[in-house]
A.B. asks: 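The structure's right below; bear with me while I get my questions together.
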Amino acid sequence: MSNLIKIQLPDGSIREVPAGTTPFDIANGISPRLAAAVVVARIRPLTTVAVNENEAALEQSEEAMYSGPASSAERIVGLSTPLHEDVTLELLKENDPASLRVARHSAAHIMATALLELFPETKLGHGPATDSGFFYDVYREVPFTEADLAAIEARMADVVARDEPFVQILEPRDQALADYKSDAEFMKIHFIERFTKPGDEISLYRNGNFTDFCRGPHVPSTGRVKAFKVTSIAGAYWLGDENNQQLQRIYGTAFFNAKDLDAHFKQLEEIKARDHRVLGKQLDLFSIQEVAGAGLIFWHPKGGLIRKTMEDWMRDECIRRGYQMVFTPHIMRRELWKISGHEENYAENMYPPMELDDAEYRLKPMNCPGHILIYKNSPKSYRDLPQRYAELGNVYRYERSGTMHGLLRVRGFTQDDAHIFCTPEQIESEVEACIDFAESVLKTFGFEKFLVELSTWDPKDKKFIGSADKWENAVGSLTRVLDRKNIPYKTIPGEAAFYGPKIDIKLVDVLGRLWQLSTVQFDWNLPARFDLEYIGEDGAPHQPVMVHRALFGSVERFFGVLIEHYAGAFPMWLAPVQVGLVPISEKHHDYAKSVQQRLEAAGLRVEADLSNQKMNAKIRDFGLQKVPFILILGDKEAASDSVSVRVRAKGDEGSVHLDAFLDRAKKLVANHSMEL
RNA sequence: GCUGAUGUAGCUCAGUGGUAGAGCACUCCCUUGGUAAGGGAGAGGUCAUGGGUUCAAGCCCCAUCAUCAGCUCCA
């Protein structure tokens, strides 16, 4: 005689059903149409008080794909999973994001099904859902070709058309291992051995003739995955370790309907249209020249102008906030890099030494040693501290050949770098000021959201130098600063630099993407290595503490992110050309020249199109260049000293007096306005 | 660095072994116009680089460089 369990539905009603009842049974009991529409179910044991965040996070992890579910947390189950305890039950339809994730995991199984039907020699790794689709890592001697991918996709359509139910099979571990061993499925064997214990019953899912080691859940049947595409193939290391065998990773994406799939590819096109490498060419901002080498940026006049504007702002702001601008050499003697520890710890990222006269020199990968030499050049009193040295310093780092990416990952870049030498007592206020500064940078450049991470040490990890009390003090001050400023943050133990803890600020762009740029780091290692001192109130020498901070991070990377954030449509103060002039015909050229002169005299950047093209073509050209304002100049305007204003993304606003426009334009620039 | 793909005019791309193509951009001519492409003519290429196969290579083979999608690593 089976026990009764309680099922609570979202409306609060409770049903008593026999243990072993499935979510499908419940749905079907409500209405067969509902049962047909439901994809998966979300359950939470009724006894649970609150969802544990860590357990929820674990749900997404690789570990969770195979090992048992976190017992007390809410979880997603398939419709045919028998329920054996009192739970709240939510029946999820296709519009729930959790359903889509499950469907994509099912799509990975469908792809594996198709793959093994076509290429039975293939060995399977793992095939999870991702944020935008799914992939399956597989091993096969022969690389898959584009044609193979198309064939796989076509066969997937067959698997979907067969509408094979996904069925969970619980099997003794030994038997599963024996089966996989006989098939030489070395990766599946590894996963079973890693994620299950001897004596466990392990979970497999079968659809048709295909069975996979998998915890689930899945959609009810292959027919539920209506729209999918095999998108690409790439290499991936077995277990993410580059010393291991490389596998073939086949990517795909899946949706419940063709409309969503289309929308997904449309969105990819939009992202591509924002790509800073594409816009960099279209707007003539920068280039990378093969003959000069990979990862080295050429700033063209228009990009250079934006950079100059960014840097001017940054320098002015540094000075306003009590920094002193310094400049340090690009190459320095090897000896210096030995003292700083770079020879020892950073050599693989540095360019090899070059010999000059009797000595060896190395290109700088960081600015800190240079700033330290300035500090060290004269004795310092506690009255001199803090010393804040800032530099827009060009550094060069060797990056492996496959890693470069436009402006975002390069071999030569400019850090807006500063080093603050201060007493331990000054740390908190200095860090607080750095965070204020960082916030101001993000706000000024139009980013509204950011995330903060506090990276701390792991006392068990030997790579961290310095005593426990030093670490605790430092982490304590950082924590206090963040708490006092009411900034939410995530603590990441073990992610600190080896010499001290750090605060990283990741900004969120218009598309919701995260970018790591600003960082504020602690350091008591370099002051010790260089024997830095100041004379304290007690007349005795003390060692200062150093704060490293970069706010743009790298000017190149920040610029790349800006291009994507604005989709190339820079706000007025940054736009390389702020006003485009369109004289309607040649007889308006003189008026155009006088307007240009007056706008330029007021400090605006103006370009006049005096070609013999039609007005519409001129407007189009300025429009494609994303110029904020286009002024149309014809008889009416010339007669009344006015301009007809066309605003980027808004269109024709009619004529106004030139002085009125000038006033508006100057205000937009002065206020760093994001709007026009 | 690894796996796969790609490299043809300033840009976007076509060209499967037999004398290098298109559109846009550029130059010149015509056109002088009211809010996103007026018309015509011309000029422009060591087909990434270096080897090889072939009577003949942009095309086939090898190597190198660069780019792209990932992996790994990072500001």
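Keep in mind that the numbers below use all heavy atoms, side chains included, and drop hydrogens, waters and symmetry copies.
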A.B. asks: Is the ring pair A:H276/A:F286 parallel, tilted or perpendicular, if the boundaries are 30 and 60 degrees?
C.D. replies: parallel
A.B. asks: At a heavy-atom distance below 4.0 Å, what parts of residues 645-652 of chain A sit against RNA chain B?
C.D. replies: A:R646, A:D652
A.B. asks: Sequence neighbours excluded, which residues qualify as ring-ring contact (aromatic ring centres under 6.0 Å, His included) partners of A:H371?
C.D. replies: A:H419
A.B. asks: Looking at residues at least two apart in the chain, or sitting in another chain, which of them share a salt bridge (charged side-chain N to carboxylate O under 4.0 Å, His left out) with A:D504?
C.D. replies: A:K502
A.B. asks: Quick one: salt bridge (charged side-chain N to carboxylate O under 4.0 Å, His left out) partners of A:E653, sequence neighbours excluded?
C.D. replies: A:R664
A.B. asks: Mind checking the P distance from B:U16 to B:G52? Whole angstroms is fine.
C.D. replies: 26 Å
A.B. asks: Could you list the residues that satisfy salt bridge (charged side-chain N to carboxylate O under 4.0 Å, His left out) with A:R605, not counting sequence neighbours?
C.D. replies: none
A.B. asks: Quantified in whole Å, what is the C1' atom distance between nucleotide B:G51 and nucleotide B:G18?
C.D. replies: 23 Å
A.B. asks: When you compare B:G44 with B:C28, how far apart are their P atoms, in angstrom units rounded to a whole number?
C.D. replies: 16 Å
A.B. asks: If the condition is side chain to side chain donor-acceptor pair (under 3.5 Å), which residues does A:D436 pass it with, not counting sequence neighbours?
C.D. replies: A:K485
A.B. asks: Report the C-alpha distance between A:F445 and A:F558 in whole Å, list the side-chain angles of each, state the deciding distance to 0.1 Å, and finish with yes or no for ring pair (Phe, Tyr, Trp, His ring centres under 6.0 Å).
C.D. replies: CA-CA 10 Å; A:F445 286 89; A:F558 195 82; 5.3 Å; yes
A.B. asks: Taking only the C1' atom of each, what is the distance from B:A41 to B:U46 in whole angstrom?
C.D. replies: 28 Å
A.B. asks: Please confirm whether the ring centroid of A:F552 lies under 6.0 Å from the ring centroid of A:F559.
C.D. replies: no
A.B. asks: Provide the distance between the two C1' atoms, one in B:C26 and one in B:G70, to the nearest whole Å.
C.D. replies: 38 Å
A.B. asks: Can you list every pair that meets ring-ring contact (aromatic ring centres under 6.0 Å, His included) and has a residue in residues 230-255 of chain A, with sequence neighbours left out?
C.D. replies: A:F135-A:Y251, A:H190-A:W238, A:F191-A:W238, A:F255-A:H264
A.B. asks: I need the minimum non-hydrogen distance between A:L283 and A:L624, along with the two atoms involved.
C.D. replies: CD2-O, 3.8 Å
A.B. asks: Could you run through nucleotides 37-45 of chain B and give me one letter per nucleotide, 5' to 3': B if any protein heavy atom sits under 4.0 Å from the base, S if only the sugar-phosphate is that close, - if neither?
C.D. replies: BB-------
A.B. asks: For RNA chain B, what residues of residues 341-351 of chain A have any heavy atom nearer than 4.0 Å?
C.D. replies: none
A.B. asks: Look at the side chain of A:I632 and decide which nucleotide, out of B:G34, B:C74, B:G1, has an atom nearest to it.
C.D. replies: B:G34
A.B. asks: Taking atom C1' in both B:G50 and B:C11, what distance in whole Å separates the two?
C.D. replies: 28 Å
A.B. asks: Looking at B:A75, B:G33, B:U72, which one has an atom nearest to any side-chain atom of A:S554?
C.D. replies: B:A75
A.B. asks: Rounding to an integer number of angstrom, what distance separates B:A14 and B:A20 when you compare their C1' atoms?
C.D. replies: 12 Å
A.B. asks: Under a 3.5 Å limit for both distances, which nucleotide forms a Watson-Crick or G-U wobble pair with B:C47, could you say?
C.D. replies: none
A.B. asks: Does any N or O in the side chain of A:R274 come within less than 3.5 Å of the main-chain N or O of A:E564, such that one atom is a donor and the other an acceptor?
C.D. replies: yes
A.B. asks: How close do A:S340 and A:P369 get, counting heavy atoms only, and between which atoms?
C.D. replies: CB-CG, 3.9 Å
A.B. asks: Can you tell me, in whole Å, how much space there is between the P of B:C59 and that of B:U49?
C.D. replies: 11 Å
A.B. asks: I need a per-nucleotide contact map over nucleotides 64-71 of chain B, read 5' to 3'. Cutoff is protein heavy atoms under 4.0 Å; write B for the base, S for backbone only, - otherwise.
C.D. replies: -BSSSSBB
A.B. asks: Run the salt-bridge test on A:K308 and A:D312 with the 4.0 Å N-O cut-off and return the result as yes or no.
C.D. replies: yes
A.B. asks: In chain order, what residues pass the ring-ring contact (aromatic ring centres under 6.0 Å, His included) check against A:F661, with sequence neighbours excluded?
C.D. replies: A:F629
A.B. asks: Would you call A:E430 and A:R549 a salt bridge, taking side-chain N to carboxylate O under 4.0 Å as the test?
C.D. replies: no
A.B. asks: Using a 4.5 Å cut-off on heavy atoms from C-beta on, say whether the side chain of A:V577 contacts that of A:P628.
C.D. replies: no
A.B. asks: Which parts of nucleotides 8-16 of chain B does protein reach within less than 4.0 Å, heavy atoms only, written one letter per nucleotide 5' to 3' as B for base, S for sugar-phosphate only and - for none?
C.D. replies: ---SS----
